[in-house]
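Encoded as structure tokens, the structure appears first; notes follow it.
Letters A, B, ... mirror the listed sequences (proteins, then strands); counts begin at 1.
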There are 2 protein chains.
Amino acid sequence: MTPELLSPTLPTVNVEVLRARCATCSMHQLCLPMGLDMGDMDRLDQIIGRRRKIARGVSLFRIGDAFQNLYAIRLGHFKTYQINPGGEEQVTGFQMAGELLGMDAISADRHHCNAVALEDSEVCEIPFSSLEQLLGNMPTLLRHFHRMMSQEITREQSVMLLLGNMQATQRFAAFIVNLASRYEARGYSGSNFQLRMSREEIGNYLGLTIESISRLLSKFKKEGWLRVSNREIEILQPAKLKAITAGTDICK
Amino acid sequence: MTPELLSPTLPTVNVEVLRARCATCSMHQLCLPMGLDMGDMDRLDQIIGRRRKIARGVSLFRIGDAFQNLYAIRLGHFKTYQINPGGEEQVTGFQMAGELLGMDAISADRHHCNAVALEDSEVCEIPFSSLEQLLGNMPTLLRHFHRMMSQEITREQSVMLLLGNMQATQRFAAFIVNLASRYEARGYSGSNFQLRMSREEIGNYLGLTIESISRLLSKFKKEGWLRVSNREIEILQPAKLKAITAGTDICK
DNA sequence: CGCAGGGTTGATGCTGCTCAAGACGGGTGG
DNA sequence: CCACCCGTCTTGAGCAGCATCAACCCTGCG
């Protein structure tokens, strides 16, 4: 692949593989290998299966699929959603690079949600049985894996809080603030970013309709808290948004 | 303690300790030791700390407490709740015997929610650092622990679904059906049981007010789906409740 | 140019919240 | 034993926040 990049004077190295090692991945400080030394990171690398490209709109896994792998997102964004018996979606989360997908499948050996790429993305396939073996021998990895699972639990608890007792304005502010902080943690701007999801997906996630999201965006724009253009977001008053999220500022 | 129970002709055995072993606990087929052989169960027993009694209304842990232990419920019921910045509670779950408390604290070494006994209860204290060491040497235990964490994730996802796109009637039916199935899994009646939580706690959990819960109970009674007397519940039409939960039956 | 998909805005209505009053049940003290 | 009280629960009336329905706009694309 792309052989023109390989100078003949250099030793032959498979570029794909090189690119794909944990040690050279920009997410290794957030992702599973966090805190591992080089030796351990190599051992982890060895069990990781394919690095797969997932095109926008394509499913990584679906409800009911047999559980084989966890997936670490290298690049891009995903949404996960469940289907209620009436056939309607419920978005349960938006995931970005450095996050792990599929942990809900461990309990029953089947996936409980669908995961779809919101844009062209890349993931690392982590065969769970191999990972579990490795965990037995690598306390640092074990610890970090538990932290990631636990993080998923606390993340969901905060969504429960959001859905259970916040008003629409507060929910939406919380959503924006949450995205901003996650981009910041990844070294991107926390004040300028693009929404990778549609209004409909946001509304579904927040337990609101698409119209409500649209109105909220208009209002946040009118109030001067945000600059909005299509899916482009600029946060103009981060403190205000945080205050609304916190409920300090009861502004409808 | 209770020396009158110890016949002088039998070898002296500490009754408290006997009572407290995993192997003799009625919950060992649901709880952490599930699937362990006797040897492994003994090793697990050895790391387990105190068996503590928690009186009704007393906190097992609070938000911000340093994380030391997970807790397995031997007996009784708990609720977990978060506090939003406005000081209001949001109940995030009700736990019963055989379930594990505290897994959300692994990620940050601090508890993220409060856990309060809904009635006089008993828990086993499981020092997490010891548990993690043990997990490295006991693949079966490791597997089951991951299943339990994953179960917590899927449980919360289904609450998100409930809060995100169900109507009040459906939420409440889902709540009752969920309780029933959990009692059944524990060998209790799935059609006759007592609510251990107040109307207010139910409402808070389901994102509804106490008045709504009260009205829903009255309605379910009037429709002949439930018999209700104070906190005593008898399910008269389980199929109906399941249909409402599933959304098959759009009955408001 | 026309179309499709996504987004915005307005008018109206319903579900569940708020506020208020009263009932019930269990516990306490006279 | 009754009177009283308190917390919990029930029921009713009115209201508001968000959903629903509908029309329209914008943008990209064939």
Side-chain angles (χ1 to χ4, degrees), chain A residues 56-57 79 84 86 88-91 116 118-119 162-176 194-223 226-233 244 247 250-252, chain B residues 56-57 79 84 86 88-91 116 118-119 162-176 194-223 226-233 244 247 250-252:
Chain A
R56 175 195 165 97
K79 69 168 173 179
N84 74 11
E88 299 151 288
E89 289 186 14
Q90 169 67 40
V91 174
V116 170
L118 295 174
E119 59 185 329
L162 180 146
L163 292 174
N165 74 20
M166 290 186 184
Q167 301 278 80
T169 309
Q170 206 179 351
R171 292 186 196 187
F172 186 69
F175 172 70
I176 295 293
Q194 239 203 79
L195 298 173
R196 319 295 165 131
M197 61 295 281
S198 68
R199 308 287 196 261
E200 182 160 19
E201 287 163 333
I202 298 172
N204 188 308
Y205 179 57
L206 297 178
L208 300 169
T209 57
I210 182 174
E211 293 95 331
S212 294
I213 300 301
S214 186
R215 281 183 239 274
L216 285 165
L217 273 165
S218 302
K219 174 181 160 178
F220 278 41
K221 189 153 74 170
K222 202 179 67 194
E223 299 282 354
L226 288 182
R227 191 165 293 151
V228 184
S229 159
N230 299 322
R231 296 193 175 180
E232 212 61 52
I233 295 286
I244 294 171
I250 314 293
C251 174
K252 8 159 129 188
Chain B
R56 175 196 165 97
K79 69 168 174 180
N84 73 13
E88 297 151 289
E89 290 187 12
Q90 169 68 38
V91 174
V116 169
L118 295 175
E119 58 184 331
L162 181 147
L163 292 173
N165 73 19
M166 289 185 185
Q167 301 279 82
T169 309
Q170 205 180 351
R171 291 186 197 188
F172 186 69
F175 172 71
I176 295 292
Q194 238 203 80
L195 298 173
R196 319 295 165 131
M197 60 296 281
S198 68
R199 309 286 195 262
E200 183 161 18
E201 287 163 333
I202 298 172
N204 187 309
Y205 179 58
L206 297 178
L208 299 170
T209 58
I210 182 174
E211 293 95 332
S212 294
I213 300 301
S214 187
R215 283 183 239 274
L216 285 165
L217 273 164
S218 302
K219 175 182 163 178
F220 279 40
K221 189 153 71 170
K222 203 179 67 193
E223 300 281 355
L226 288 183
R227 190 165 293 151
V228 184
S229 159
N230 298 323
R231 296 193 176 181
E232 211 61 52
I233 296 284
I244 294 170
I250 313 293
C251 175
K252 357 159 137 193

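- The number of heavy-atom neighbours closer than 6.0 Å to CZ of B:Arg231, taken from other residues, nucleotides and ligands shown, is above 12.
- Summary for the helix from C:dC1-D:dG30 to C:dG30-D:dC1: the axes at its two ends, each from 5 pairs, differ by 20° when rounded to the nearest 10 degrees.
- Across all strands shown, A:Arg171 has no heavy atoms under 4.0 Å from either base or sugar-phosphate atoms.
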- request: Summarise protein proximity over nucleotides 23-30 of chain D in one line of letters, 5' to 3': B for base, S for sugar-phosphate only, - for none, counting protein heavy atoms closer than 4.0 Å.
  value: --------
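- Counting to the nearest Å, the C1' atom of C:dT15 and the CG atom of B:Asn165 are 16 Å from each other.
- Separation of atoms CD1 (B:Ile210) and CZ (B:Arg215) is listed at 11.0 Å; rounding is to 0.5 Å.
- Near DNA chain D, meaning a heavy atom under 4.0 Å away, the residues from residues 198-207 of chain B are B:Ser198, B:Arg199.
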- request: Apply side-chain contact (heavy atoms from CB on, under 4.5 Å) to the pair B:Leu118 and B:Arg56, showing each step before the final yes or no.
  value: CA-CA 5 Å; B:Leu118 295 175; B:Arg56 175 196 165 97; over 6 Å; no
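- The CD1 atom of A:Ile202 lies 10.5 Å from the OG atom of A:Ser214; values are rounded to the nearest 0.5 Å.
- Residue A:Gln167 places at least one side-chain N or O under 4.0 Å from the OP1 or OP2 atom of D:dC18.
- Between the CG atom of A:Leu217 and the P atom of C:dG6 there is a distance of 16 Å, rounded to whole Å.
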query: What do the steps show when you test B:Leu162 against B:Phe175 for side-chain contact (heavy atoms from CB on, under 4.5 Å), and what is the final call?
result: CA-CA 9 Å; B:Leu162 181 147; B:Phe175 172 71; 5.6 Å; no
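- Looking only at distances, a side-chain donor or acceptor of B:Asn204 sits under 3.5 Å from a matching main-chain atom of B:Glu89.
- Residue pairs meeting the salt bridge (charged side-chain N to carboxylate O under 4.0 Å, His left out) criterion with at least one partner in residues 199-209 of chain B, sequence neighbours excluded, are B:Lys79-B:Glu201.
- At D:dT11, none of the side-chain N or O atoms of B:Ser214 fall inside 4.0 Å of OP1 or OP2 (strictly under the cut-off).
- Rounded to an integer number of Å, the gap from CG of B:Leu216 to C1' of D:dT11 is 13 Å.
- Distance check: B:Arg171 CZ to B:Ile213 CD1 gives 9.5 Å after rounding to the nearest 0.5 Å.
- In terms of heavy atoms, B:Leu163 sits closest to B:Gly207 at CD2-N, 3.9 Å.
- The interatomic distance linking B:Ile233 (CD1) with D:dC9 (P) rounds to 11 Å, in whole Å.
- Summarising the geometry, the separation between CZ on A:Arg231 and C1' on C:dG5 is reported as 11 Å, rounded to the nearest angstrom.
- Taking the side chain to side chain contact (heavy atoms under 4.5 Å, CB included) definition, one finds that A:Gln167 meets it with nothing, sequence neighbours left out.
- Taking CD of B:Glu223 as the reference point, atom CG of B:Leu216 lies at 11.0 Å (rounded to 0.5 Å).
- B:Ile213 places its CD1 atom 14 Å from the C1' atom of C:dT15, with the value rounded to the nearest Å.
- We find that CG of A:Leu208 is positioned 14 Å from P of D:dG17, with the value rounded to whole Å.
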Please list each protein N or O that sits under 3.5 Å from an N or O in nucleotides 18-23 of chain C, with the distance.
unit_1	atom_1	unit_2	atom_2	d
C:dT18	O4	B:Arg215	NH2	3.2
C:dC19	N4	B:Glu211	OE2	2.9

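- Atom CD1 of residue A:Ile176 and atom CD1 of residue A:Ile233 lie 5.0 Å apart, to the nearest 0.5 angstrom.
- Here C:dG16 presents its C1' atom at 15 Å from CD1 of B:Ile210, a figure rounded to the nearest Å.
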- request: Kindly determine whether B:Val228 and B:Phe220 satisfy side-chain contact (heavy atoms from CB on, under 4.5 Å), including the steps that lead there.
  value: CA-CA 9 Å; B:Val228 184; B:Phe220 279 40; 5.8 Å; no
message: Working note: A:Phe172 + A:Ile244, criterion side-chain contact (heavy atoms from CB on, under 4.5 Å); need CA distance, chi angles, decisive distance, verdict.
response: CA-CA 9 Å; A:Phe172 186 69; A:Ile244 294 171; over 6 Å; no
